[in-house]
Structures are given as C-alpha cells and as structure tokens.
Amino acid sequence: MRRRRTGFALQVMAGFAVMLTTLTVAPPALANCEIGGQEVPCETRNGHYRIRTPDGPGPYPTVLYLYGSTGNSARTLAWDGFVRSFVDRGYAVIVPAGLDKRYVGGLVDSGWFLRNSRARKKRDDTAFVAEVLADAALRHRIDRDRVLIAGMSNGGFLAWEIACHNPELASAYAPIAAGYLGEMPSRCRKGVRLLHTHGRADQVVPLDPDKAWKSGGARMTPLGQALGKIAKAGGCVNRASPERLREYTVERWSGCIPGASVELLMHNGGHTIPLSWYSVVVDWFEKGRSVSPGNSGGGTARFQGVGSRDTSRFKKPKFVSE
C-alpha cells in the first residue's frame, strides 16, 4: 500500500513539475502585446508582427500587409494615413516583420524570402504568415474568414506565392507592383480573388518581359502569363478589354467559378501606390465583385510612406535583387 501511495505521489509531483515547466516556457499571451503599458511587437515562434485594431470587440476583418524591400513594421504602422485607411473602415491591420537579407551591392536590410530564389533562406515566410494569422486570431480576435493579404513589391511577390500555393490563408489577395518570381506552376492549387495593381511606368518591377525583375538567379514570370494561370485555376475563360475608371484602367476575367475573380488595375505612375488604392481595395474586398474606385481621391504616392525606402529613383531592378 505504501509503495502504491508513494508511486501515486511521485506521479502527481511529476505532473505538477511538467505543468510548472510549461507555464514557464509558454506564458499566457498578452492580449494587446503590451508590457507595463508600453506597446511591444507580438512575438511568435519564428518572428514578430505589429497590429492595429478598430474600436469594438471583434472579430475584425483584417488586412495583412507585406511591405517592400528594406521596409519596417514599426515604420509602416507609424504612418497614420495608411493605418486609418483601414482601421476607420473597421479593419484590423497586421504588419509582419521580415528578416534581414543581403541585396546586390552588399546592402543588408529587411525583406522576404521567396521560394524560387537560390539565395540562402532564413525562414519559410509563407509558414510565418500562417503563424502570424493564427496568433492574431487568438490574441486579437481577427476574423479568419475575412482576411485580405496585400503586398508591395518584394512583399507583393510573397503575396503572389501564397495566392498560388497556399490560397486558404486568405479570402482575397491584392499585390502591388510585383508578380510571381521564377517559373510559375502550370496550375495553382485553386481559384482565388486577386486584384493586381501595377504602374505602367514602373522601372523597378517593369512590365516589359525583356526587362523582367530578377532575384537570386530567378526571373519573374511575365505578368500576363501569371495572371492567365491564376485565372485558369479559378475557371476564368475570357479577358475583357480595358475599362477606364478615373486614374485607372481595369481588366477583368469573366466566367470564373464562385469565389474566384481576377482583375488587373493599371495606373500611369511608377513603383508607387495610388492614394486612392486603399479605399478602392476595401470596396472591392467588401463587395465581392469587380473593382470600382467610387469617390476616392486621385493621384499617386511614393511608397516610402508605407514602410519602405523610396525605390522610385532606382531605374533598374537590381536594387531589389537578392
């Protein structure tokens, strides 16, 4: 009897010790990623992110934004115009943090690791985005059924990859001034809602296939081909003639299966984001149908305002190569 009691007591003590160890290794999540009233990044297993949420208890529709080469999550969320464009519409804004990588010329700064680049990868960034969304759903009550992944330049390339290979991570995708790096597969996993925005005068990620963006030894799939493949996955059959919508022209694919759509939004700027893009993309996301600029303002903005250095002065794509 004494042996049984002793064995039971040891089991209880061992279980209690394991519980204490677990609590020490994984403390409860901080609801607002704060320590002592001071905001800190939300840490995950493989990195961190920053977030802004609107008023109210949630769950919130969410924009996860992937900034361009040399961007910064703190700097991105410090731009009030960018954040309020979404938060004032009731959206949470998540900005994951990229890791440092080496660029041509020896520059080491923040960026995203793309699957077809031969450069040494420190992290699977698609898996990291999935990790961030899962963490934010627990801590901040984001609505996982209403997530828009947007990305500019280097971040837009990652958004394209996720849309093709891991489409279940978001409800829709809105890459800007980017494309698919390397040889795009003949067919993506399934159809998605995708709104691609590009400037006709973009010299960093040019539309001319002969001047295609190159990174880590891989060339960008020509944008028209990439759009055609993503459209094929969604059952889309016809590409309509361009339609003028204020400072944009828009091309749409028709005949898509329910839940899929592909649209190309063009403007006359370079490697920039039109000022009206923020409200345009939210309207498109909410309506679940074709884009309509509505009453939003015109003009274009330099991308440096949303977390990156001003890349408009770089006339060749080598700056953003790995």
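Remember, predicted model here, so these are calculated numbers, not experimental data.
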Is there a donor-acceptor pair closer than 3.5 Å between any side-chain N or O of [X] and the backbone N or O of [Y]?
X: Ser171; Y: Asp145; answer: yes
X: Arg123; Y: Asn46; answer: yes
X: Arg193; Y: Trp284; answer: yes
X: His198; Y: Val205; answer: yes
X: Glu263; Y: Trp253; answer: no
X: Lys229; Y: Met184; answer: yes
X: Asp143; Y: Pro59; answer: no
X: Thr221; Y: Gly182; answer: yes
X: Tyr60; Y: Gly56; answer: yes

So does [X] have more than 12 non-hydrogen atoms from other groups sitting under 6.0 Å from [atom1]?
X: Lys121; atom1: NZ; value: yes
X: Asp55; atom1: CG; value: no
X: Arg244; atom1: CZ; value: yes

Quiz item: Can you pull the disulfide (SG to SG under 2.5 Å) pairs that have at least one residue in residues 115-154, sequence neighbours excluded?
Solution: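 Not a single pair qualifies under disulfide (SG to SG under 2.5 Å).
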About how many Å separate [atom2] of [Y] and [atom1] of [X], when rounded to the nearest 0.5 Å?
X: Thr272; Y: Ile176; atom1: OG1; atom2: CD1; value: 9.5 Å
X: His140; Y: Asp135; atom1: NE2; atom2: CG; value: 6.5 Å
X: Ile94; Y: Cys42; atom1: CD1; atom2: SG; value: 8.5 Å
X: Asp88; Y: Phe86; atom1: CG; atom2: CZ; value: 11.5 Å
X: Ile230; Y: Cys164; atom1: CD1; atom2: SG; value: 5.0 Å
X: Leu227; Y: Lys232; atom1: CG; atom2: NZ; value: 15.0 Å

Practice problem: Can you run down the side-chain hydrogen bond (donor to acceptor under 3.5 Å, both in side chains) pairs that involve residues 234-243, sequence neighbours left out, and say none if there aren't any? | Solution: Arg239-Glu251, Glu243-Arg252
Exercise. For residues 176-189, pull every pair meeting side-chain hydrogen bond (donor to acceptor under 3.5 Å, both in side chains), keeping only residues two or more places apart or in separate chains.
Key: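 Sorted pair list: His165-Tyr180, Glu168-Arg189.
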Restricting to non-hydrogen atoms, name the atom on [X] and the atom on [Y] that form the minimum distance, rounded to 0.1 Å.
X: Met266; Y: Gly199; value: CE-C, 4.5 Å
X: Trp112; Y: Pro96; value: CH2-O, 3.7 Å
X: Gly68; Y: Ser153; value: CA-CB, 4.3 Å
X: Phe128; Y: Ala97; value: CE2-O, 3.6 Å
X: Met220; Y: Phe157; value: SD-CZ, 3.9 Å
X: Gly90; Y: Pro54; value: O-CG, 3.4 Å

Self-check item: Under the salt bridge (charged side-chain N to carboxylate O under 4.0 Å, His left out) test, residues paired with Arg89 that sit two or more places apart
Solution: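 Here the qualifying residues are Asp283, Glu286.
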Exercise. Test side chain to side chain contact (heavy atoms under 4.5 Å, CB included) on Ser73 and His48 and set out the steps.
Key: CA-CA 9 Å; Ser73 60; His48 70 268; 4.2 Å; yes
Are any non-hydrogen side-chain atoms of [X] and [Y] less than 4.5 angstrom apart?
X: Ser117; Y: Leu181; answer: yes
X: Leu223; Y: Gln225; answer: no
X: Glu161; Y: Leu114; answer: yes
X: Tyr65; Y: Phe82; answer: yes
X: Val129; Y: Leu66; answer: yes

Quiz item: Could you walk me through whether Arg200 and Thr249 pass the side-chain hydrogen bond (donor to acceptor under 3.5 Å, both in side chains) check?
Solution: CA-CA 11 Å; Arg200 295 182 181 86; Thr249 57; 2.6 Å; yes
Quiz item: Does Lys122 count as lying over the ring of Phe113, i.e. NZ or CZ under 6.0 Å from the six-ring centre, within 45 degrees of the axis?
Solution: no
Residues [X] and [Y]: side-chain donor-acceptor under 3.5 angstrom:
X: Thr53; Y: Tyr91; result: no
X: Thr197; Y: His267; result: no
X: Asn154; Y: Tyr67; result: no
X: His196; Y: Trp160; result: yes

Quiz prompt | Full working for side chain to side chain contact (heavy atoms under 4.5 Å, CB included) between Leu148 and Thr62 | solution = CA-CA 6 Å; Leu148 170 67; Thr62 299; over 6 Å; no
Quiz item: With sequence neighbours excluded, what pairs up with Tyr173 under the side chain to side chain contact (heavy atoms under 4.5 Å, CB included) test?
Solution: Ile149, Ile162, Ala163, Leu169, Ala170, Pro175, Val192, Leu194
Practice problem: Kindly write out the residues that satisfy side chain to side chain contact (heavy atoms under 4.5 Å, CB included) with Ala233, not counting sequence neighbours, or none if the list is empty. | Solution: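 Residues passing side chain to side chain contact (heavy atoms under 4.5 Å, CB included) with Ala233: Cys188.
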Quiz prompt | Step-by-step side chain to side chain contact (heavy atoms under 4.5 Å, CB included) determination, Asp202 to Leu207 | solution = CA-CA 7 Å; Asp202 193 332; Leu207 291 168; 5.8 Å; no
Quiz item: Is there a side chain to side chain contact (heavy atoms under 4.5 Å, CB included) between Glu131 and Arg45 once you walk through the steps?
Solution: CA-CA 8 Å; Glu131 178 180 277; Arg45 182 181 181 86; 3.5 Å; yes
Quiz item: Shared ILVMFWY cluster between Trp79 and Val95, side chains joined below 4.5 angstrom?
Solution: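 Same cluster: Trp79 reaches Val95 through Ile, Leu, Val, Met, Phe, Trp or Tyr contacts under 4.5 Å.
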